[in-house]
Protein chains: 2
Amino acid sequence: MLLYGVMTSCTRRSDETTRLIGTRLADVGARFTRARRLVVRALTESPGPMIAADLHETLRGEVPLSSLYRTLSVLEGAGILAREHGSNGVARHELAEWLTGHHHHLVCTGCGVVQDVTPEPAVEREIVGFVDHIATAAGYRATDHRLDIEGTCAACTSK
Amino acid sequence: MLLYGVMTSCTRRSDETTRLIGTRLADVGARFTRARRLVVRALTESPGPMIAADLHETLRGEVPLSSLYRTLSVLEGAGILAREHGSNGVARHELAEWLTGHHHHLVCTGCGVVQDVTPEPAVEREIVGFVDHIATAAGYRATDHRLDIEGTCAACTSK
DNA sequence: TTCCTTGCAAACGATTTGCATTGGA
DNA sequence: TCCAATGCAAATCGTTTGCAAGGAA
């Protein structure tokens with residue numbers, strides 16, 4: 001069985017996640033402020049990474065853009081968020097994998113939505129095996145990998 | 001056996017590649033100008049994708065920045081180049097896969113160099129299988145995939 | 001009280017575009 | 001010849017930062 005949309009199905013654990021995040025912030029001498037809670041919550045409830053503009057709109061004026069960017073920067077510096085860049089170069093933000101679990105991304109070329117996918121453990125093990133094989137053969141020591149799958153989501157396929 | 005650095009080992013075919021590119025440009029009503037030849041050559045000789053600033057420097061004043069960007073845009077519009085975005089959001093450019101063959105990227109977290117890797121066919125087939133499996137299970141129809149392997153290259157590992 | 005955080009406005013850097021000029025088929 | 005391509009300067013856009021004001025421990 002394949003799990004996807006991990007975070008949305010884990011909201012019952014959001015208080016535990018919140019506690020972990022508070023601790024991590026304290027570790028780097030930062031506070032768990034209102035804006036930071038709002039951003040973490042929005043990302044926790046999202047099925048995939050979000051860009052700053054989306055967050056800004058979702059938080060409807062609660063957090064001005066510059067503060068939002070600073071919030072994202074602090075959370076990333078604390079290792080709570082991860083940043084990546086979509087095909088247009090705009091930064092996408094999501095909770096780090098130590099909070100969500102390791103996962104990959106399905107990118108719909110139709111509507112642009114990005115969705116998390118967690119392969120079943122056996123599949124992920126195979127992928128890791130190939131990644132190590134490829135890296136080793138090229139003289140690299142692999143530390144991480146990112147698999148983006150492009151395609152059309154169910155809704156866009158039926159259009 | 002693993003092949004990597006595909007393009008550098010294929011320079012003997014660069015005249016054929018050049019012809020294909022000229023044809024493709026003609027198809028979209030564009031000319032194969034000096035600047036476009038220079039950019040294509042630089043990318044053909046590179047072991048991996050390049051950012052605009054690198055190209056600008058490599059072409060040492062031969063092509064002003066704005067023209068370089070327009071050149072990249074035209075070549076991408078014609079399907080000759082592909083664009084992706086590194087961890088800092090800066091666009092990286094490379095020849096499209098119909099010219100280079102399908103490949104993935106090894107990203108060195110030490111020196112930032114990005115190198116092409118072409119897995120052996122059996123490995124690539126397995127990867128495609130997993131990609132389809134994962135996409136299908138989530139209701140997507142996979143059309144493409146991108147695998148970025150992060151790690152440390154031989155030089156950085158020994159440092 | 002002491003820092004951390006906020007919000008506004010201004011600065012930045014990568015990329016794009018208007019416009020007059022140049023150049024290639 | 002004629003339309004595409006060029007190059008400069010100015011404009012965009014996402015993102016970052018200086019600085020003074022506000023807030024939590």
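Each chain gets a letter, A, B and so on, in the order its sequence line appears, and its residues count up from 1. Values below: all heavy atoms of this structure, side chains included; hydrogens, waters and symmetry mates excluded.
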When you compare D:dA11 with D:dT15, how far apart are their P atoms, in angstrom units rounded to a whole number? 23 Å

How many Å lie between [atom1] on [X] and [atom2] on [N], as a whole number?
X	N	atom1	atom2	answer
B:Met50	C:dA14	CE	C1'	17 Å
A:Asn88	D:dC13	CG	P	14 Å
A:Leu81	D:dT15	CG	P	14 Å
B:His56	C:dG13	NE2	P	16 Å
B:Leu68	C:dT15	CG	C1'	11 Å
B:Leu72	D:dA5	CG	P	14 Å
A:Leu75	C:dC4	CG	C1'	14 Å
B:Leu25	C:dG24	CG	P	15 Å

Checking all strands, does [X] fall into the base, sugar-phosphate, or nothing category for heavy-atom contacts under 4.0 angstrom?
X	answer
A:Ser67	base
A:Ser66	base
A:Arg83	sugar-phosphate
A:Ala53	nothing

Candidates B:Arg146, B:Glu94, B:Arg92, B:Gln115 - the one meeting side chain to side chain donor-acceptor pair (under 3.5 Å) with B:His105: B:Glu94

When rounded to the nearest 0.5 angstrom, what is the spacing between CD in B:Glu126 and CD in A:Glu126? 7.0 Å

If I take atom CD1 from residue A:Ile51 and atom CG from residue A:Leu72, how far apart are they, to the nearest 0.5 angstrom? 11.5 Å

OP1, OP2 of C:dT15 versus side-chain N and O of B:Tyr69: anything below 4.0 Å?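 The answer is yes; a side-chain N or O of B:Tyr69 sits under 4.0 Å from OP1 or OP2.
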
Between [options], which nucleotide has the shortest distance from any of its atoms to the side chain of [X]?
X	options	answer
B:Arg70	C:dT5, D:dC8, D:dT15	D:dC8
A:Pro64	C:dG7, C:dT5, C:dT15	C:dG7
B:Arg36	D:dT15, C:dG7, D:dT6	D:dT6
B:Val90	C:dC8, D:dT6, C:dA14	C:dA14

Specify the residue among A:Val63 and B:Thr33 whose closest nucleotide of DNA chain C lies further upstream toward the 5′ end. A:Val63

Assuming nearest nucleotide by heavy-atom distance, tell me which of B:Phe32 and B:Leu65 is located more 5' along DNA chain C.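 Nearest nucleotide further toward 5': that of B:Leu65.
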
Any idea which heavy atoms bring A:Ala96 and A:Gly79 closest together, and the distance? CB-O, 3.3 Å

Any side-chain donor paired with an acceptor under 3.5 Å for A:His104 and A:Asp148?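 A:Asp148 and A:His104 do not have a side-chain donor-acceptor pair below 3.5 Å.
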
